[in-house]
Amino acid sequence: MAEEQKFETEEKVERKQKTGMINAKELEEKYLRKGMMPHIFCTGCGIGTVLGLTLRAMEEIDMDLDNTVFLSGIGCSSRLPGYIDVDSLHTTHGRALAFATGVKITNPDLNVVIFTGDGDCIGIGGNHFIHAARRNIDITVIAVNNYIYGMTGGQVAPTTPEGDYATTAPHGNVEPPFDMSEMAMSAGATYVARWDLTKPVQPMKSIKEGLENKGMSFIELLSPCTTAYARQNKVGDIQEFWEWYDDRTMLAEEYEFEEEFSPMEEWEEIKEKMKIGVLKHEEKKSLGERMQEKIEEVKI
Amino acid sequence: MAEEQKFETEEKVERKQKTGMINAKELEEKYLRKGMMPHIFCTGCGIGTVLGLTLRAMEEIDMDLDNTVFLSGIGCSSRLPGYIDVDSLHTTHGRALAFATGVKITNPDLNVVIFTGDGDCIGIGGNHFIHAARRNIDITVIAVNNYIYGMTGGQVAPTTPEGDYATTAPHGNVEPPFDMSEMAMSAGATYVARWDLTKPVQPMKSIKEGLENKGMSFIELLSPCTTAYARQNKVGDIQEFWEWYDDRTMLAEEYEFEEEFSPMEEWEEIKEKMKIGVLKHEEKKSLGERMQEKIEEVKI
Amino acid sequence: MIGEIDLDKAKKAIGDRSQFIHGDTAVAYGALLAGCRFFGGYPITPASEIAEKMAELLPKIGGKYIQMEDELGSIASVIGSSWAGAKAMTATSGPGFSLMQENIGFAHMSETPLVLANVQRSGPSTGQPTLGAQGDVMQVQYGSHGDFAAIALSPNNIQETLDLTIKSFNLAEKYRTPVMLMISADLGHMREMVEIPDEVETFERKEPKVSPEEYIPFGKGEYGKEKVPEFGIFGKGFRTYVTGLTHDEKGFPATDDQEDHDNLIRRQVEKITDDREELTDIERRRLDDAEKVIISYGITSRSAMGALKEGRNRGEKLGYLRLKTLWPFPKHVIKEISEQVDKIIVAELNLGQIYHKVAEHAECEVALADKIGGEVHSPEEILAEV
Amino acid sequence: MIGEIDLDKAKKAIGDRSQFIHGDTAVAYGALLAGCRFFGGYPITPASEIAEKMAELLPKIGGKYIQMEDELGSIASVIGSSWAGAKAMTATSGPGFSLMQENIGFAHMSETPLVLANVQRSGPSTGQPTLGAQGDVMQVQYGSHGDFAAIALSPNNIQETLDLTIKSFNLAEKYRTPVMLMISADLGHMREMVEIPDEVETFERKEPKVSPEEYIPFGKGEYGKEKVPEFGIFGKGFRTYVTGLTHDEKGFPATDDQEDHDNLIRRQVEKITDDREELTDIERRRLDDAEKVIISYGITSRSAMGALKEGRNRGEKLGYLRLKTLWPFPKHVIKEISEQVDKIIVAELNLGQIYHKVAEHAECEVALADKIGGEVHSPEEILAEV
Amino acid sequence: MRKDIRLCGKGGQGIMLSGFVLGKAASVFHDYNAVQMQSYGPEARGGAARSEVVISDEEIGYCGLYQADYMMVMSQEAYNKYNEDLADDAVLLLDDDLVTEVEHDYIGVPCTAIAEDIGAKIVANIVMLGAFNEAGDLVPHDSLEKSVEDSVPSKFKDLNLKALNRGVEKAKEKI
Amino acid sequence: MRKDIRLCGKGGQGIMLSGFVLGKAASVFHDYNAVQMQSYGPEARGGAARSEVVISDEEIGYCGLYQADYMMVMSQEAYNKYNEDLADDAVLLLDDDLVTEVEHDYIGVPCTAIAEDIGAKIVANIVMLGAFNEAGDLVPHDSLEKSVEDSVPSKFKDLNLKALNRGVEKAKEKI
Amino acid sequence: MIEVNEKYCKGCNLCIEFCPRDALEPAEELNEKGVHPPVEVEDRCVNCHLCELICPDFAIIVEEEEEV
Amino acid sequence: MIEVNEKYCKGCNLCIEFCPRDALEPAEELNEKGVHPPVEVEDRCVNCHLCELICPDFAIIVEEEEEV
Ligand SMILES: Cc1ncc(C[n+]2csc(CCOP(=O)(O)OP(=O)(O)O)c2C)c(N)n1
Ligand SMILES: Cc1ncc(C[n+]2csc(CCOP(=O)(O)OP(=O)(O)O)c2C)c(N)n1
Ligand code: SF4
Ligand code: SF4
Ligand code: SF4
Ligand code: SF4
Ligand code: SF4
Ligand code: SF4
Ligand SMILES: [Mg+2]
Ligand SMILES: [Mg+2]
């Protein structure tokens with residue numbers, strides 16, 4: 001994916017062909033519920049961008065809206081299903097994946113997509129998250145990682161970097177953070193990708209690949225919380241957020257290169273960065289397939 | 001650890017010196033509550049062995065019993081703290097690690113040890129488990145993995161191998177299992193070891209190392225459930241259990257060797273085995289240390 | 001998903017027409033016959049056998065069984081399944097029931113039909129896992145935060161356990177609401193003969209007959225009961241937004257609006273309490289000339305039957321009244337009976353729960369024959385309070 | 001862990017003697033003054049500010065704050081902390097309170113002192129997160145499975161919020177039990193001036209004075225209250241076995257024994273209900289000549305004060321009775337007052353909860369002024385039911 | 001007519017199965033009503049096991065035992081634990097090889113020995129049940145037979161029927 | 001004496017702070033009782049913000065507003081949303097640069113302009129508060145001054161006091 | 001050609017910062033939300049669509065006509 | 001010398017199976033639990049303690065005296 005970092009002319013054209021097919025207004029008309037815009041997200045919040053990218057990915061694979069269910073838990077990011085004009089289940093905090101399991105198993109024909117936040121997904125929802133991944137249930141999870149509890153006003157999240165500030169970490173966070181994508185991979189998800197939004201095309205592509213993957217797909221999107229996180233951590237404007245991502249992330253390929261070749265001291269610093277890119281893509285039977293096989297075997 | 005697989009004479013002597021120091025009767029007198037033996041575990045159940053090994057490890061490091069708290073959730077294995085004559089908290093199903101967090105943070109001088117089962121630890125308790133590991137809180141978790149829900153009569157566990165039988169998987173389990181030690185490592189535990197009980201000295205040593213580690217130690221012990229698991233999976237006697245472990249486990253070092261050198265087809269089979277051994281041992285500040293530093297920084 | 005052929009399949013999976021089975025199995029059979037095709041559970045004594053039976057039989061008839069990672073997840077999966085179109089259920093006992101409370105509230109708020117069988121054990125906390133109790137009957141109505149109206153049924157024999165399980169599914173669909181089937185471990189593990197019914201009357205979910213644009217998922221019902229909206233299951237183009245937030249009739253968040261909230265919650269409560277009389281299922285014995293009446297439910301009513309017989313033998317003018325419907329609480333019946341008798345004795349396996357409801361509505365003296373610790377009342381223990 | 005010096009530290013951390021603060025802050029201040037040195041929480045509107053204040057101040061005085069992974073974990077950490085020797089608390093709102101129910105039952109069963117502040121929001125389910133309600137007051141007593149006796153307090157202004165927080169800690173220690181402080185979002189986010197008290201009367205945990213062998217952790221108390229056993233905190237050699245299973249006096253499982261269970265649970269309930277009168281805290285106004293009385297609690301009582309004034313102005317012989325103690329329910333007071341007046345009007349921010357308790361014990365007519373949807377009653381709305 | 005019946009012994013002896021077979025015989029294969037209750041604690045592994053059956057031609061209200069009118073016992077521990085509320089004139093059957101200290105009148109049936117004799121210790125419970133039913137006149141014999149047939153795997157049918165009938169014979173000898 | 005006061009504007013204008021300062025002035029720095037309530041929904045981000053203060057020399061019972069006797073408004077949207085229960089003779093102050101469509105009698109204070117004039121738009125709320133207090137005679141001026149001093153970071157003290165007094169002056173001009 | 005929906009724009013400036021061609025700049029006037037939405041700088045846009053992709057508020061549309 | 005606590009032994013035979021020297025065998029008689037606890041086969045034990053370590057029931061003790 002590294003080649004997509006630069007804006008070469010050919011790519012621009014390609015991108016145009018891909019993304020230009022439907023513009024923001026058409027997107028809104030086709031995919032969003034009437035009368036819900038402008039949305040509730042703060043100025044510059046990445047959640048709106050995540051919504052746009054998701055809809056474009058859906059457009060690319062021509063997803064059947066009448067056969068699609070979006071779910072979420074509670075949080076800013078979890079408000080997203082309310083905007084999309086499909087069946088949607090805005091559940092309780094942390095439990096969306098368990099609800100989704102019931103939806104998908106019951107009707108395997110439904111496309112099931114979950115929006116979740118870092119706290120929702122791996123804070124309170126950690127257990128459902130790892131079990132859904134273990135089962136490799138055929139759903140797509142789009143996790144908006146803003147490193148904070150946004151909706152409730154900026155409390156520390158299990159993803160908040162050590163030393164960062166939050167309303168419940170007013171003297172600086174003393175806990176080491178989770179790497180959500182890493183957890184998804186260990187637990188058994190078959191498609192895992194992480195991107196920050198400074199590269200909008202790649203996440204869109206990953207969402208598309210995730211939707212297409214027959215199994216649990218996990219797409220972690222690092223997204224600026226311009227209110228709760230930024231205010232407390234002196235990230236003044238969007239430029240500073242970009243620097244933030246630059247400082248703390250590295251393309252997976254580069255990372256692995258550095259791991260092998262960089263000198264020890266340099267590596268110690270690099271080590272702490274988060275890998276971005278498509279981190280895992282594997283073929284494996286989904287829970288639904290395994291269940292269906294069993295039913296065929298025992299049915300009367 | 002591979003060298004300890006054979007019973008060489010010198011080792012026997014060493015072992016005798018280590019383990020012969022206190023015999024089963026003395027163990028009982030020194031460590032167990034009065035009048036609780038014989039314990040409730042079924043004939044041949046490994047949980048009793050786990051108890052013996054734990055007490056011997058405690059003896060080796062001369063643990064202060066008045067300053068030690070054992071905790072557990074619910075399950076056969078979770079009944080263990082009831083036998084040991086120390087302060088103990090037999091909590092609710094899956095929550096022991098969260099209770100332990102409160103105990104340890106409040107009084108960092110206490111040694112805190114948790115007994116848990118596979119279901120208790122990573123079934124219902126998965127979220128507390130990964131978060132305790134992330135925080136690297138200075139506690140020792142001894143997880144008795146018998147691949148089944150023993151206490152409730154043999155329902156499928158998140159560790160039950162695919163295809164195995166359980167009362168709630170009467171047609172064979174369709175879900176892929178968790179590797180608990182793998183999850184502990186990903187989540188951040190600093191000492192992780194897995195053993196089956198056919199090798200009693202190594203787990204004892206790992207428990208000791210776990211108790212000594214200043215951070216989250218996770219020791220997974222594969223333990224035969226001679227009732228609920230064996231009955232349903234046609235494991236007739238203890239010999240068959242040994243074969244079972246032989247089939248499904250491999251020493252970590254061997255595994256890694258095979259990974260590198262065995263031909264593809266062979267590897268595909270080996271791959272599915274569980275690595276046993278000390279899987280991780282790392283130095284990292286514990287939650288308690290980080291909290292204390294912060295307190296020193298801000299206290300008035 | 002359910003039809004005549006399907007019922008045949010269920011009967012085939014169940015097997016013999018007359019069986020000597022325990023309450024847990026009867027719940028599973030009842031569920032299959034009612035059309036339940038999804039079970040999401042987590043093992044717990046003494047309810048595990050329901051899950052085990054469902055795990056065995058559901059796949060045989062194409063239904064889905066899943067053991068979730070915990071009870072929070074199992075009730076969640078059931079709600080998800082219900083919206084995806086299945087009649088769905090879970091079963092648990094005290095500790096699991098407590099864990100489910102948040103999502104039970106969500107089921108009320110989202111008006112999701114489902115059945116939850118609570119095979120009660122002796123609490124509080126882990127308590128006495130294998131022993132019976134009736135200690136969760138108030139929790140049904142007050143276990144989750146905020147206001148809602150519960151429906152709960154309580155059978156006292158195994159045939160009735162099967163029958164009331166079917167009824168639970170029917171009420172869940174009719175009222176678009178979670179229904180609780182409350183039995184105690186004693187009944188869950190007690191065996192009696194049941195006859196598997198040949199014909200089963202089921203209530204099928206009312207789906208909207210209007211266009212998605214006109215469909216009101218959380219307001220007035222059009223084709224069924226007025227306060228019960230139709231249920232637009234997922235995948236049929238209704239594009240319903242289901243949320244646990246306060247919402248307007250269309251389902252959209254209205255978290256700042258006093259009126260929307262009031263309308264929503266009152267309708268949800270009233271759709272059930274308006275039908276209190278219709279929902280009330282009561283067994284009466286020897287009330288004609290009774291001066292005192294024993295009120296009981298579930299397994300305890302079997303002891304009350306003993307007490308009735310014994311008391312009458314001794315010349316006491318005793319009557320017997322059994323609540324098959326615990327919630328909505330049949331207050332009108334209590335009021336009425338309390339005007340006829342001098343004294344009511346409430347017998348239950350707890351320290352007094354339904355007793356408080358009876359005391360609230362009775363006009364006569366009310367005594368309590370309570371018992372805890374895992375044993376059912378002997379008839380004598382009830383008579384002691386008469 | 002607590003003493004004079006420590007109180008000084010707490011006061012220093014708190015700062016100014018007179019402050020214009022909201023209810024959440026008052027809870028945090030009260031806790032620090034009462035000696036609370038552990039807070040295990042999980043954020044939730046409108047209770048998060050309690051956690052935030054504790055996260056800020058606790059480390060400054062050597063206390064411990066931790067944000068757990070969820071509410072199941074936060075109440076668990078608090079119970080663990082209490083056994084490890086700290087006065088400990090958590091704070092939450094409806095959804096979190098529902099999630100905590102299983103472990104609250106464990107706290108009752110293990111007789112663990114702790115304080116839980118529930119800043120109630122408009123439910124059920126996610127409801128209206130930022131708006132106030134009093135919809136969880138029955139859940140306090142019936143939210144967990146099985147039988148237990150709750151203590152719950154409800155202040156109606158900010159100074160009292162601080163004071164009753166201190167009292168909550170004292171009662172928790174005195175009765176070895178969880179104590180619930182029930183406020184609504186309105187009070188949690190409302191500001192008034194409070195005076196930080198100079199001296200604070202605290203109740204210190206009764207530790208056993210006998211040898212570990214003689215110590216009875218779950219039976220008769222020796223030095224304090226008879227039904228409240230001493231508390232042998234961890235690390236002091238008592239080697240207590242604490243379990244949620246039914247246990248004998250020594251703490252050992254007795255899961256098959258009817259008598260042990262009966263003894264245990266009845267003692268646990270009676271240690272609180274025996275002291276009902278002592279625990280009852282009531283505010284009375286203008287009852288001398290009252291013909292009708294408004295009963296209310298918490299924020300609603302502020303509206304009731306308005307109604308009282310207005311009603312009296314209009315010549316109604318109105319009285320006012322406010323429950324600061326919700327549980328154990330002050331039934332004796334209700335009975336007594338109901339014999340003096342013709343009518344009781346219960347005003348609360350729900351569809352009728354404490355109303356049912358009042359109706360159970362009152363001998364006169366009882367009316368309900370209910371309200372839901374996030375706004376407090378206007379005095380007029382209460383007067384409408386008079 | 002109401003018969004309050006207790007079957008007890010130790011875990012693993014098939015006490016639950018006996019109760020189940022008896023209850024089924026009465027209700028499914030005859031026109032009595034029957035209730036079977038069983039008790040087990042988390043601690044009951046390998047300890048005393050108990051199953052109680054109430055049979056009646058009327059509706060069965062109270063489903064505990066008023067007192068045990070009929071009791072069959074297969075271990076000493078069970079006898080000691082459960083003889084408390086035995087009726088004075090109760091029909092008490094026990095394996096007198098296993099239960100040796102007894103304070104009540106009883107009919108001894110060496111069911112374990114008989115079972116071993118017919119080749120399978122495991123059917124001792126069925127031997128006992130046959131004798132018990134005969135001695136207590138609990139349900140018609142052929143209902144019991146049908147219930148046994150219906151309750152055991154088909155390949156063990158004959159063995160169990162044999163066991164049942166050996167029990168019946170033994171009882172006839174004794175009474 | 002009881003004064004029911006509403007302050008409103010849009011999120012970010014410092015409406016909450018104004019309410020806080022006023023309530024504190026009344027209760028901490030003067031001997032009145034004061035209650036401040038604020039409302040915000042999850043949807044309130046950037047929308048209309050409202051803070052209500054009740055001041056009284058007696059005990060304050062009902063802590064909602066009977067009607068708004070005093071109201072200060074800093075945005076048109078807030079005016080539209082919250083003018084409903086305005087008392088007929090209410091003291092209404094508003095920034096007449098921002099609120100242009102008004103149906104009630106009011107006192108216009110161009111607080112934003114004044115704030116910009118003294119160099120910081122952000123203190124517009126304090127300008128307004130000064131004027132409001134003066135016009136409404138809510139609390140003694142020096143209590144308000146103390147409260148402002150106590151509530152803002154010390155380096156902004158002078159700026160805020162200046163703002164407050166400019167507001168007072170403006171009000172004096174107008175009334 | 002860049003079309004901006006002023007009603008939606010919250011003024012985050014992401015589009016402006018993101019444009020690889022500096023083809024956008026803040027408008028002089030405030031919109032009704034009180035922010036400065038972007039306006040196009042003539043003859044710089046190459047229709048790469050990045051601004052449209054990144055805009056969190058569905059407020060920007062890149063129209064292709066001119067390219068044809 | 002091997003000492004067996006017959007009251008505790010549940011007859012799992014782990015000790016017997018585990019002994020690297022085949023120094024244990026099931027007793028002829030049943031204990032009160034109805035199982036055959038292990039008995040020592042003379043002159044084979046090398047005091048490796050494995051049986052003691054593995055016994056789940058604290059029922060076996062290896063006494064060292066004889067070695068001295
Ligand atoms: C059971 C429960 N606990 C707590 C809350 C309060 N709550 C709502 S959203 C949230 C955190 C959201 O954080 P995250 O998932 O990271 O989403 P974000 O708002 O950052 O997008 C919390 C704690 C709740 N609604 N329910
Ligand atoms: C909330 C709750 N749910 C379910 C149970 C029932 N339960 C008790 S133990 C157990 C499983 C135990 O399995 P595991 O942790 O593997 O322990 P084992 O018995 O196998 O040692 C379950 C489901 C419970 N006690 N509490
Ligand atoms: S609070 Fe943060 S995450 Fe939530 S909408 Fe605002 S910027 Fe986005
Ligand atoms: S059921 Fe299994 S795990 Fe439990 S004691 Fe018996 S053998 Fe051990
Ligand atoms: S990115 Fe969108 S919302 Fe942000 S300034 Fe540009 S047009 Fe406005
Ligand atoms: S389309 Fe590309 S070049 Fe044109 S304004 Fe947008 S970002 Fe700039
Ligand atoms: S000590 Fe070693 S050699 Fe001796 S009996 Fe035990 S296992 Fe065998
Ligand atoms: S290992 Fe222990 S319990 Fe098992 S047979 Fe040997 S002595 Fe007995
Ligand atoms: Mg977040
Ligand atoms: Mg297990």
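Throughout, protein chains are lettered first and strands after them, A, B, ... in sequence-line order, and every chain is numbered starting at 1. This one's a predicted model, so the numbers in the text were calculated from it and none came from an experiment.
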Can I get a per-line list of side-chain donor-acceptor pairs under 3.5 Å for residues 27-36 of chain C, giving both atom names and the distance, sequence neighbours left out?
from	atom 1	to	atom 2	distance (Å)
C:Tyr29	OH	C:Gln19	OE1	2.8

Check: Which one of A:Thr68, A:Asp85, A:Asp87 satisfies the side chain to side chain donor-acceptor pair (under 3.5 Å) criterion with C:Arg239?
Finding: A:Asp85
Notebook entry, point to check: Going from CE on C:Met68 to CG on A:Asn127, what distance comes out if it is rounded to the nearest 0.5 angstrom?
Noted result: 9.5 Å
Note to self: Between C:Phe252 and chain A, with a heavy-atom cut-off of 4.5 Å, which part of the residue counts as in contact: side chain, backbone, both or neither?
What the structure shows: side chain
Next item on the list: Provide the closest heavy-atom pair for C:Ala84 versus A:Asn107 in the form atom of the first, atom of the second, distance.
Entry: O-CB, 4.2 Å
Notebook entry, point to check: Do other residues, nucleotides or ligands put more than 12 heavy atoms under 6.0 Å from the CD atom of C:Glu259?
Noted result: no
Margin query: Side chains of A:Phe99 and C:Trp83, heavy atoms from C-beta outward: is any pair under 4.5 Å?
Written below: no
Next item on the list: Would you name the heavy atoms of A:Ala98 and C:Ala76 that are closest together and state the gap between them?
Entry: CB-CB, 3.6 Å
Check: Most heavy-atom pairs under 4.5 angstrom with chain C, which of A:Lys34, A:Arg33, A:Lys294?
Finding: A:Arg33
Notebook entry, point to check: Heavy-atom distance under 4.5 Å to chain C: side chain of A:Ile74, backbone, both or neither?
Noted result: neither
Margin query: Does A:Lys284, at its NZ atom, have more than 12 non-hydrogen atoms belonging to other residues, nucleotides or ligands within less than 6.0 Å?
Written below: yes
Checklist line | CZ on C:Phe106 to OG1 on A:Thr92, rounded to 0.5 Å | finding: 6.5 Å
Next item on the list: Heavy-atom pairs under 4.5 Å with chain C are the metric here; pick the option from A:Arg95, A:Met291, A:His128, A:Glu296 that has the most.
Entry: A:His128
Checklist line | Euclidean distance, A:Arg79 CZ relative to C:Leu245 CG, rounded to 0.5 Å | finding: 5.5 Å
Checklist line | CG on A:Leu110 to CZ on C:Phe234, rounded to 0.5 Å | finding: 8.5 Å
Check: Is a side-chain donor or acceptor of A:Asp66 paired with a backbone partner of C:Gly235 at a separation under 3.5 angstrom?
Finding: no
Next item on the list: For chain C, find which of A:Leu71, A:Ile300, A:Asp109 contributes the most heavy-atom pairs closer than 4.5 angstrom.
Entry: A:Ile300
Margin query: If you count heavy atoms of other groups shown closer than 6.0 angstrom to NZ of C:Lys12, is the number above 12?
Written below: no
Next item on the list: Could you walk me through whether C:Glu69 and A:Arg135 pass the salt bridge (Lys or Arg N to Asp or Glu O under 4.0 Å) test, one step at a time?
Entry: CA-CA 11 Å; C:Glu69 46 276 12; A:Arg135 296 186 180 111; 2.8 Å; yes
Checklist line | Heavy-atom proximity to chain C below 4.5 Å, by part of A:Gln292 | finding: side chain
Checklist line | Contact winner vs chain C - A:Ile84, A:Thr101, A:Ile295, heavy-atom pairs under 4.5 Å | finding: A:Ile295
Check: Rounded to the nearest 0.5 Å, how far apart are CG of C:Leu72 and CD1 of A:Ile124?
Finding: 8.5 Å
Notebook entry, point to check: Between CD1 of C:Ile233 and OG1 of A:Thr106, what distance do you get to the nearest 0.5 Å?
Noted result: 10.0 Å
Check: Non-hydrogen atoms of chain C under 4.5 Å away: do they reach the side chain of A:Val298, the backbone, both or neither?
Finding: both
Check: Where is the tightest heavy-atom contact between A:Ser88 and C:Tyr241, given as atom of each residue plus distance?
Finding: OG-CD1, 3.2 Å
Check: Is there a donor-acceptor contact under 3.5 Å from the side chain of C:Lys60 to the main chain of A:Lys299?
Finding: no
Notebook entry, point to check: In this structure, are over 12 heavy atoms from other groups packed under 6.0 Å from C:Lys11 atom NZ?
Noted result: yes
